[in-house]
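Reviewing the structure listed below.
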2 protein chains.
Amino acid sequence: MAHTYEFPRPALTVDCVVFGLDDEDLKVLLIERDIPPYEGKWALPGGFVRVGEDLEAAARRELQEEAGVSKVYLEQLYSYGAPKRDPREHVVTVAYYALVKLSDHQVRASTDARSVAWFSVDDLPKLAFDHDKIQRAAHDRLRGKVRYQPIGFELLPDKFTLRQLQHLYETVLDRELDKRNFRKKILGMDLLVDLNEVETDVAHRAARLYRFDKKKYQRLEKKGFNFEI
Amino acid sequence: MAHTYEFPRPALTVDCVVFGLDDEDLKVLLIERDIPPYEGKWALPGGFVRVGEDLEAAARRELQEEAGVSKVYLEQLYSYGAPKRDPREHVVTVAYYALVKLSDHQVRASTDARSVAWFSVDDLPKLAFDHDKIQRAAHDRLRGKVRYQPIGFELLPDKFTLRQLQHLYETVLDRELDKRNFRKKILGMDLLVDLNEVETDVAHRAARLYRFDKKKYQRLEKKGFNFEI
DNA sequence: CCAAAAGTGTTTCACGTACACCCATGC
DNA sequence: GCATGGGTGTACGTGAAACACTTTTGG
């Protein structure tokens, strides 16, 4: 079935940069393309926006279909529309980035035949289209935003240690932080709930587990409180 | 001439929130629509993206065509794609915001028949489509960004007084600033060139004129300098 | 000479930063 | 008992914020 318009239109897609964090480093989820162009190359998950579909809904649908990822933090990044960014025709893409709790999202095969894998942001293959540029922009945005908004918690399990939290910031910001100053600052905000539990299966003194109090943060935010690391 | 595609596509537009500053307040440039939908209503300048045209180029073209505005600071804001945001069909828009030097851009009639006018951001008419929402987002972005990037100078003439500069920040941030602290901070950055000229035609002591040293800022920025008000 | 805005320093306080040692636990 | 990371306090310096008077100019 064909669709006809009075004037030609660019095609419209969404693409997602999905970040996850493990003990080593920050990772990005990529899919291997099984059709031209860039067949066999790694690319960001994404696809065409359907008529009548909201942009964010399209991004969530593609994440689910291509990578089995759902219920994640998702934020619009930027729109890219250089005429030649897709060799087939003029395709404008609205890019999003997502933060997932790797512990909840085991690296699982996609629902279709394509392979899906996590790559370290420091060791990415060459990506299809202008996806390198989009990935870098997402990484920059994450680095900038993580300091002023409590989005980092989206990368950790619900229960986490201060060590894990500090490691998160050190990884994303790519610099070392002072342990005492970090703890003083983060505990001083009074936004972490001490769960009175400790981690298990560690070969040393077990650390206390905390939970981020999102409700409290939202209340404070309305009153002018500014999160900052 | 008709254009046919295998799958239906949303239409794609760009819209621009153009800010200007005068002695009283922050202003937004609007155009009066002369065709349905929302005929006779005020709206943001904008229009359809052509195939083969870059998004920013489309925004600049529409600004020129609809409002006679050119060579302005322009930055992508956000993309809006709610299916019902345009009553005709699914139209996705990439929104931009622009900062213009009102002194250089006299409020002039548009090149076509529509009327164009500046409105105070505090006293806007009801806008067509979801343009209210877009305008608010642009205003929020401007408020947030002006403190960390030297974009405020785009709203002032090339030669300006410290009074004008402070007034700009007070207007955009919507709070009063201490004169001595402001001057100390801004002059301390050493990014303003003292032109050894003074303003004219004022009924009191004339203030010195300064120019923002953009080149110097760009050099410092690369070395890790952070602008901040 | 009066009105109006330009221009100028100091003190205080909060916060960021640097820094080192003892403690608890598993093996 | 030893290796490993958990957990804690203080001193210092920088920078933000509060604050008032004199100077210049035009009318």
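Throughout, a chain's letter reflects where its sequence line sits, starting with A, and its residues are numbered from 1. Computed from a predicted model, the values in this text were never measured in an experiment.
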Rounded to the nearest Å, what distance is computed from the [atom1] atom of residue [X] to the [atom2] atom of nucleotide [N]?
X: A/D178; N: D/dG7; atom1: CG; atom2: P; result: 15 Å
X: B/E176; N: D/dC19; atom1: CD; atom2: P; result: 13 Å
X: B/D201; N: D/dT25; atom1: CG; atom2: P; result: 15 Å
X: B/N226; N: D/dA16; atom1: CG; atom2: P; result: 12 Å
X: B/L177; N: D/dA18; atom1: CG; atom2: P; result: 11 Å
X: A/R208; N: D/dG5; atom1: CZ; atom2: C1'; result: 16 Å
X: A/F182; N: C/dA18; atom1: CZ; atom2: P; result: 16 Å
X: B/E199; N: D/dT24; atom1: CD; atom2: P; result: 16 Å

Chi angles and distances behind the side chain to side chain contact (heavy atoms under 4.5 Å, CB included) call for B/L162, B/R208: CA-CA 8 Å; B/L162 292 181; B/R208 304 182 77 80; over 6 Å; no
Side chain of A/H204 (C-beta onward), nearest among D/dG5, D/dG9, D/dT25: D/dG5
Main-chain N/O of A/D190 paired with A/K216 side-chain donor or acceptor, under 3.5 Å: yes
Main-chain N/O of A/L156 paired to A/K101 side chain as donor or acceptor, under 3.5 Å: yes
Interface with DNA chain C, restricted to residues 160-175 of chain B and to heavy atoms under 4.0 Å: B/R163
Do [X] side-chain and [N] base share a donor-acceptor contact under 3.5 Å?
X: A/R205; N: D/dT4; result: no
X: A/K185; N: C/dT17; result: no
X: B/R180; N: C/dA6; result: no

Parallel, tilted or perpendicular: rings of B/H139 and B/F19 (30°, 60°): tilted
Which residue lies more 5' along DNA chain C, comparing A/A203 with A/K184 via nearest heavy atoms: A/K184
Over all atoms of both residues, closest heavy-atom pair of A/E62 and A/G46: OE1-O, 3.3 Å
Sugar-phosphate, base or nothing in reach of A/K179, heavy atoms under 4.0 Å: base
Sugar-phosphate, base or nothing in reach of A/R183, heavy atoms under 4.0 Å: base
Pairs meeting criterion side chain to side chain donor-acceptor pair (under 3.5 Å) with involvement of residues 149-158 of chain A, two or more places apart: none
Residues B/E75, B/K145: salt bridge by 4.0 Å N-O rule: yes
